[in-house]
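First comes the structure, then the notes that go with it.
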Amino acid sequence: MSKLIDAWYRLLNALIVVTVVILIIPVMLQILSRFTGLIPRYIWTEEMARFFFIWMVMLGAMVAVRDGTHFDVDVWPELKPRANAILRLVSSLFMLLTAIVFLWWGAQFTSFGWNQTSEIADLPMWLIFIAWPLLGATWLLFIWQGWVRDVQALRQEQAP
Amino acid sequence: MMSASLTPGVAAIVLFGSFFVLLVLRVPVAVSLALACLPVLLFEDRLSPMVLFNEMFKAYNSFILLAVPFFLLTANLMNVGGITDRLVTLSRTMVGNFPGSLAQINVLLSVFFAGISGSSTADAASQGKIFIEAQVKEGYDLSFSIAITAVSAVLAVIIPPSILMVVWGGVLSVSIGALYLAGVIPGLLIGGAQMLTVHVYAKIRKYPTYRRATLREFIAAAAISVPALMTPFIIVGGILLGWFTPTESAAVAVCYAAALSLLFYREMSSRQLRDALLDTGKLAGVALFCVGTASVFGWLLAYYQIPRALLANVQSWGLGLVGVGFFVAFVFLVVGCFLDAIPAIIIVGTTLQPLTEAVHMHPVSFAIIGIVGLAFGLVTPPYGLCLMISCAIAKVRLRYALKDTMIMLVPMLLVLAMLIIWPDIALILPKIVSPEFLK
């Protein structure tokens, strides 16, 4: 299971790199088509850039849970390890709640938009909307994996 | 049937109350903002949690925000591509003979960096790695080294190009070209104030000074840096001449930095390129996810007309132009302590706009006061990203460098006060170069 989650994490990372690279292309096409007659003036470039942008944001937000890089605010003085662990657990319970909200209502959100298509290129909108429930599901996986790791670390500490 | 709907007062208490409780519990800011909206969305009959996704989608579905990953990528490419190294050499030949040489170089590099990159976090991350350890080795105090790296990094969002100006211009409909021009002089003044601070520190604490560079060394360093230093002129000039939009100019900057790194300086490996792309996507994702949830929060505030209720009081104070200026700066400085700058613009900028319009404050002047205030928020605890990054690089807790950071903020705050009292400091450059942008 843990190996599968690791593989999923690596796939998401690879997709982030791809989306960042692809983002630049439609924007540069837009400029090139304005100043040269080489290529026709596409109007789908702007929409395509926006859609890849949304995916980049959502993918970045997904992996950040595993990296632990979502910014938080630290107002506490130096805490004992035990208090720290409790705080971590409480905060991860709220993350879990958020993941469930995104998965549950995100799925409804996607099914509502199932038949919509985009304004310019006529792309099916569920291709975008599905990012939200997917984010919820991915967060669930990463939060669960984090807990398994914490428990293992605890056991190893107590064992010897 | 009873329809459940909240009064603005109750909604405000639920929204702000749960947000702060969650923050204290160390729930990430982006998640706290989303969760704070949840009870209201569930309870209000006419709303549903799906508003959350709809408003997030609307926030991301904008061509303007696209500039954020581009600015981050430009900065990352500069670092791995050897552009930053060239600029360090140039800075050294320029200010190396001042007392506290290395710290002066740190500040001057931030000024150059600010002209190419629009992201303070990227600046803090790259210069933290270069300077903090090197300064400590030369006998500078660690807390001083962390603090000067963090405070000089805020220049990146004041001197054009700037992520915050692009977002401000997009959200509040102000000409981004005018904002860019208006940021130049305030940015240089703040940079100057920082160099002065370093000078005083260096005299008191006897920090080391390098030998003066020869003119030949300076010319050599300048010559090799010229292509890199052209970037701000391409970006700002391109916008002013109407060649491209601000978002497009950010993409042009990416391509220019990539071309310089790959063709001119030639130090980048494919592995480094991949890491730069990945870092960009990750950081942009984290920062912008927060923008999405903040937009939902801001949307709910507007739904209950909470900003209007909050401001009704202030309007009765009868503040003048300068008074409103100080009030705006104060609000942004306080909000900047708790919130990231982009969500703060979305939530607070739109809230304060009617207040500034009532006293006929120039929109560009309002923007500069707000952006400078928020930029200072990048180094104020508990949520000061630049200070957090610098401390993380030095592996100490945020409190450690707090005192020196606060001391360095004093001269910077004086500059902010000057900008409020004499708005023309910021407005003079756009007035001369492109009066049509000021309307």
Side-chain angles (χ1 to χ4, degrees), chain A residues 13-21 23-24 27-28 30-31 34-35 46-47 49-51 53-54 56-65 67 69-78 87-88 90-92 94-95 97-98 101-102 104-106 108-110 112-113 128-129 131-133 135, chain B residues 22-32 34-35 38 41 48-50 52-54 56-57 60-63 65-66 68-70 73 243-245 247-248 250-252 254-255 258 274 277-278 280-292 338 340 381-383 385 388 397-399:
Chain A
N13 273 337
L15 286 174
I16 290 176
V17 174
V18 173
T19 48
V20 174
V21 173
L23 261 185
I24 305 168
V27 181
M28 290 314 286
Q30 208 166 298
I31 302 172
R34 189 176 313 145
F35 287 106
E46 198 253 357
E47 185 170 73
R50 275 188 278 127
F51 286 179
F53 172 66
I54 295 174
M56 183 208 71
V57 174
M58 297 305 278
L59 289 167
M62 288 182 207
V63 298
V65 167
D67 295 340
T69 45
H70 274 295
F71 301 124
D72 54 21
V73 174
D74 198 358
V75 294
W76 299 88
E78 201 89 45
L87 211 53
R88 247 172 71 117
V90 172
S91 141
S92 74
F94 279 111
M95 295 290 287
L97 175 66
T98 314
V101 169
F102 271 74
W104 177 252
W105 277 290
Q108 282 187 28
F109 178 63
T110 311
F112 266 114
I128 307 296
F129 295 151
W132 275 265
L135 178 130
Chain B
L22 289 165
L23 275 191
V24 169
L25 289 173
R26 238 189 248 162
V27 178
V29 180
V31 177
S32 303
L35 277 182
L38 192 61
L41 290 174
S48 103
M50 264 185 276
L52 201 58
F53 312 116
N54 204 24
M56 281 176 82
F57 171 74
Y60 297 150
N61 199 14
S62 96
F63 197 64
L65 281 183
L66 209 67
V68 175
F70 291 154
L73 185 54
W243 289 351
F244 24 73
T245 67
T247 305
E248 289 169 356
V252 170
V254 168
C255 292
R274 185 187 165 275
L277 290 167
L278 184 59
T280 303
K282 281 184 171 180
L283 188 58
V286 170
L288 290 165
F289 187 68
C290 197
V291 171
F338 296 95
D340 197 13
Y383 187 79
L385 273 184
M388 280 155 95
R397 281 181 58 109
L398 199 120
R399 278 157 231 282

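Residue numbers begin at 1 in each chain, while the letters A, B, ... track the order of the sequences. The analysis underlying the following values was restricted to heavy atoms, covering all of them including side chains, and did not include hydrogens, waters or symmetry mates.
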Open item on the list: Glu47(A): which residues meet the salt bridge (Lys or Arg N to Asp or Glu O under 4.0 Å) condition with it, sequence neighbours left out?
Closed with: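 Salt bridge (Lys or Arg N to Asp or Glu O under 4.0 Å) list for Glu47(A), sorted by chain: empty.
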Would you say the side chain of [Y] lies within less than 4.5 Å of the side chain of [X], judging by non-hydrogen atoms?
X: Gln108(A); Y: Pro49(B); answer: no
X: Leu25(B); Y: Ser91(A); answer: no
X: Phe70(B); Y: Leu23(A); answer: yes
X: Val101(A); Y: Leu52(B); answer: yes
X: Phe53(A); Y: Phe63(B); answer: no
X: Ile24(A); Y: Cys255(B); answer: yes

Which answer fits [X], side chain, backbone, both or neither, if we ask what part of it has an atom under 4.5 Å from a heavy atom of chain B?
X: Phe102(A); answer: both
X: Ile16(A); answer: side chain
X: Met58(A); answer: side chain

Task: Value rounded to 0.5 Å, distance of CG in Asn13(A) from CG in Leu278(B) - done: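 Reported value, rounded in 0.5 Å steps: 5.0 Å.
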Open item on the list: What's the separation between atom CH2 in Trp105(A) and atom CG in Leu38(B), rounded to the nearest 0.5 Å?
Closed with: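 Going from the CH2 atom of Trp105(A) to the CG atom of Leu38(B) covers 6.0 Å.
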Open item on the list: So which atom in Met56(A) and which in Leu288(B) form the shortest heavy-atom distance, rounded to 0.1 Å?
Closed with: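 Minimum heavy-atom separation between Met56(A) and Leu288(B): CE-CD1, 4.4 Å.
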- [ ] Using a cut-off of under 4.5 Å on heavy-atom pairs, state which of Cys290(B), Ala284(B), Pro69(B), Ala34(B) scores highest against chain A.
- [x]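 Between Cys290(B), Ala284(B), Pro69(B), Ala34(B), the count favours Pro69(B).
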